[in-house]
Amino acid sequence: MHLNNWILLLLIMFTSCSDEVNELSDDDFPELRELSAEEISLSNSSNAFVIDLFKELEKTEEANLFFSPLSIQYALSMTLNGSKDETFNSIKEVLAVSDLNEHEINEAFKTLTEFLLNVDDKVLLTIANSIWYEQKLTATEEFKKAMQTYYSAEVSGLDFRSPQSVNTINNWVETKTNGLIDILINEIPDDAVMYLINAIYYKALWRYPFDETNTQKAPFYREDNTEVEALMMHTEELKVDYYLNEITHVIDIPYGNGQYSMMVLLPVEGKKTDDILDILDKNSFENWNNSIQPIEAELFIPKFKIEYKALLNDALSDMGME
């Protein structure tokens, strides 16, 4: 099977594979409420933001990209509460939330977070926010209250000159990611005044699990047609949502009770990742998502582990947040 470079559109940070049968009962399908107008607006803005940011990072990166747009949105939305004037407006513009005021943004993040944490008991999801500031400075009570109320953020002053402060921040991140991220920072620069941190931990079984005994080595073809050997997960008669156009395959693979999924965009034969990016925007993504239909498929996916680290200064600045 020929596999080109692919794009994964993920809400999540970490995934798991298991040959356990994901048996579900009626209790595993909670009665979901309808989203408010503000929540729908924020969700649509999230799609626009992640696509714009991905395209911006892809311009300069030669390595595989892997990032959590939700984490970046949390951090920037917290920053929004401490900004004003031109900075305030530019952050809103980059986040694509210009049609919402500050209170609506905060409230939508709060209620959507509660929604995400309760849609699937089969999924282990942790969303944690924290703010650490140089203790010689003063964070206003209004700002601290907003962070705690809307983002459940831990807000603490630290002596940034003390080496122990690095350990304090890293230990918080390690705890919130179940030990998967143990070192976020190595030192605190002299000009640092505040850290706004989001950590997301996600672990779930596939809705229709891959049998580990079917995982075997097979060729994986890069975009330049070079071949590498990879461990391929394989399953037949997998129930997925699928859409095909002249540029890309769109495969949506469910986790847990189906409320979470991994969407894969794979170029059709003769096309490349850049061809997908040329037509990928909020409208095309929504159209593809609305066009997917349930099918049974035979699927090969390489097992993979990705670590990625990047400064977003240039990308966000080029997007309008100078």
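We're numbering straight along the sequence, starting at 1.
Shown here for A297 and V240, the closest heavy-atom pair between the two residues is CB-CG2, 4.2 Å. Residue P189 comes nearest to Y195 through the heavy atom pair CD-OH, 3.4 Å, listed as atom of the first residue, atom of the second, then distance.
A salt bridge does not link E246 to K271: none of the charged nitrogens lies less than 4.0 Å from a carboxylate oxygen.
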Worksheet item: Hey, mind stepping through E39 and K110 against salt bridge (charged side-chain N to carboxylate O under 4.0 Å, His left out) and telling me if it holds?
Response: CA-CA 10 Å; E39 290 171 331; K110 180 179 185 295; over 6 Å; no
Worksheet item: Step by step, would you call L76 with F49 a side chain to side chain contact (heavy atoms under 4.5 Å, CB included)?
Response: CA-CA 12 Å; L76 291 181; F49 171 73; 4.3 Å; yes
Item to complete: Give the C-alpha distance, both sets of side-chain angles, the deciding distance and a yes or no for side-chain hydrogen bond (donor to acceptor under 3.5 Å, both in side chains) between E237 and Y208.
Response: CA-CA 10 Å; E237 299 181 355; Y208 304 102; over 6 Å; no
Worksheet entry | Chi angles and distances behind the ring-ring contact (aromatic ring centres under 6.0 Å, His included) call for Y255, Y202 | CA-CA 11 Å; Y255 292 104; Y202 177 99; 5.6 Å; yes
Worksheet item: Going through the checks in order, is the side chain to side chain contact (heavy atoms under 4.5 Å, CB included) test met by E102 and F88?
Response: CA-CA 10 Å; E102 183 177 323; F88 178 86; 3.4 Å; yes
Worksheet item: Going through the checks in order, is the side chain to side chain contact (heavy atoms under 4.5 Å, CB included) test met by E322 and E86?
Response: CA-CA 10 Å; E322 298 178 3; E86 185 178 356; 6.0 Å; no
Discussion item. Run V97 and S41 through side chain to side chain contact (heavy atoms under 4.5 Å, CB included) and show every step you take.
Written reply: CA-CA 8 Å; V97 291; S41 177; over 6 Å; no
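Side-chain atoms of E38 do not come within 3.5 Å of backbone N or O of E104 as any donor-acceptor pair. Formation of a donor-acceptor pair under 3.5 Å by the K92 side chain with backbone atoms of L100 is found in this model. Looking at N214, its side chain never comes within 3.5 Å of a backbone N or O of T235 through a donor-acceptor pair. No donor-acceptor pair closer than 3.5 Å links the side chain of S77 to the backbone N or O of Y74. In this structure a side-chain-to-backbone donor-acceptor pair under 3.5 Å is present from N290 to E286. Not a single donor-acceptor pair under 3.5 Å links the side chain of D241 to the backbone N or O of I292. Although no hydrogens or angles enter the test, the distance criterion places a donor-acceptor pair under 3.5 Å between the side chain of S45 and the main chain of A96. A donor-acceptor contact shorter than 3.5 Å links the side chain of T168 to the backbone of Q164. A distance-only check finds no donor-acceptor pair linking the side chain of D318 to the backbone of A315 [under 3.5 Å]. The backbone N or O of A153 lies less than 3.5 Å from no partner atom in the side chain of S130, so there is not a single donor-acceptor pair.
Side-chain contact between I169 and L158 is present, with heavy atoms from C-beta onward closer than 4.5 Å. Between Y260 and D120 there is a side-chain heavy-atom pair separated by less than 4.5 Å. In this structure, L265 and H249 have side chains that are not in contact, with every pair of non-hydrogen atoms separated by 4.5 Å or more. You'll find the side chain of V173 stays beyond 4.5 Å of the side chain of T175, heavy atoms only. The shortest distance between side-chain heavy atoms of M263 and V250 falls below 4.5 Å. No side-chain heavy atom of T215 sits less than 4.5 Å from a side-chain heavy atom of F210.
By the side-chain contact (heavy atoms from CB on, under 4.5 Å) test, A75 pairs with no residue at all, sequence neighbours left out. Listed by chain and number, the residues in a salt bridge (charged side-chain N to carboxylate O under 4.0 Å, His left out) with E58 amount to none (sequence neighbours excluded).
With hydrophobic clusters built from ILVMFWY side chains whose heavy atoms lie under 4.5 angstrom apart, F304 shares a cluster with M233. Using a 4.5 Å cut-off between side-chain heavy atoms of Ile, Leu, Val, Met, Phe, Trp and Tyr, with links allowed through other members, I306 and L53 fall into the same hydrophobic cluster. L70 and Y308 fall within a single hydrophobic cluster, where Ile, Leu, Val, Met, Phe, Trp and Tyr side chains are chained together by heavy-atom contacts under 4.5 Å. Follow the hydrophobic side-chain contacts under 4.5 Å out from V268 and you reach I251 in the same cluster.
One side chain, Q73 or S46, offers a donor N or O that lies under 3.5 Å from an acceptor on the other.
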Counting only pairs under 3.5 Å, give me each side-chain donor-acceptor contact of residues 139-151, with atom names and distances, residues two or more places apart or in other chains.
{"unit_1": "T140", "atom_1": "OG1", "unit_2": "F143", "atom_2": "N", "d": "3.1"}
{"unit_1": "E141", "atom_1": "OE2", "unit_2": "K144", "atom_2": "NZ", "d": "3.1"}
{"unit_1": "T149", "atom_1": "OG1", "unit_2": "K145", "atom_2": "O", "d": "2.7"}
{"unit_1": "Y150", "atom_1": "OH", "unit_2": "H103", "atom_2": "ND1", "d": "3.3"}
{"unit_1": "Y151", "atom_1": "OH", "unit_2": "N106", "atom_2": "OD1", "d": "2.7"}

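Shown here is L137, whose CG atom has more than 12 heavy atoms of other residues, nucleotides or ligands within 6.0 Å. Atom CG of D314 has 12 or fewer heavy atoms from other residues, nucleotides or ligands within 6.0 Å.
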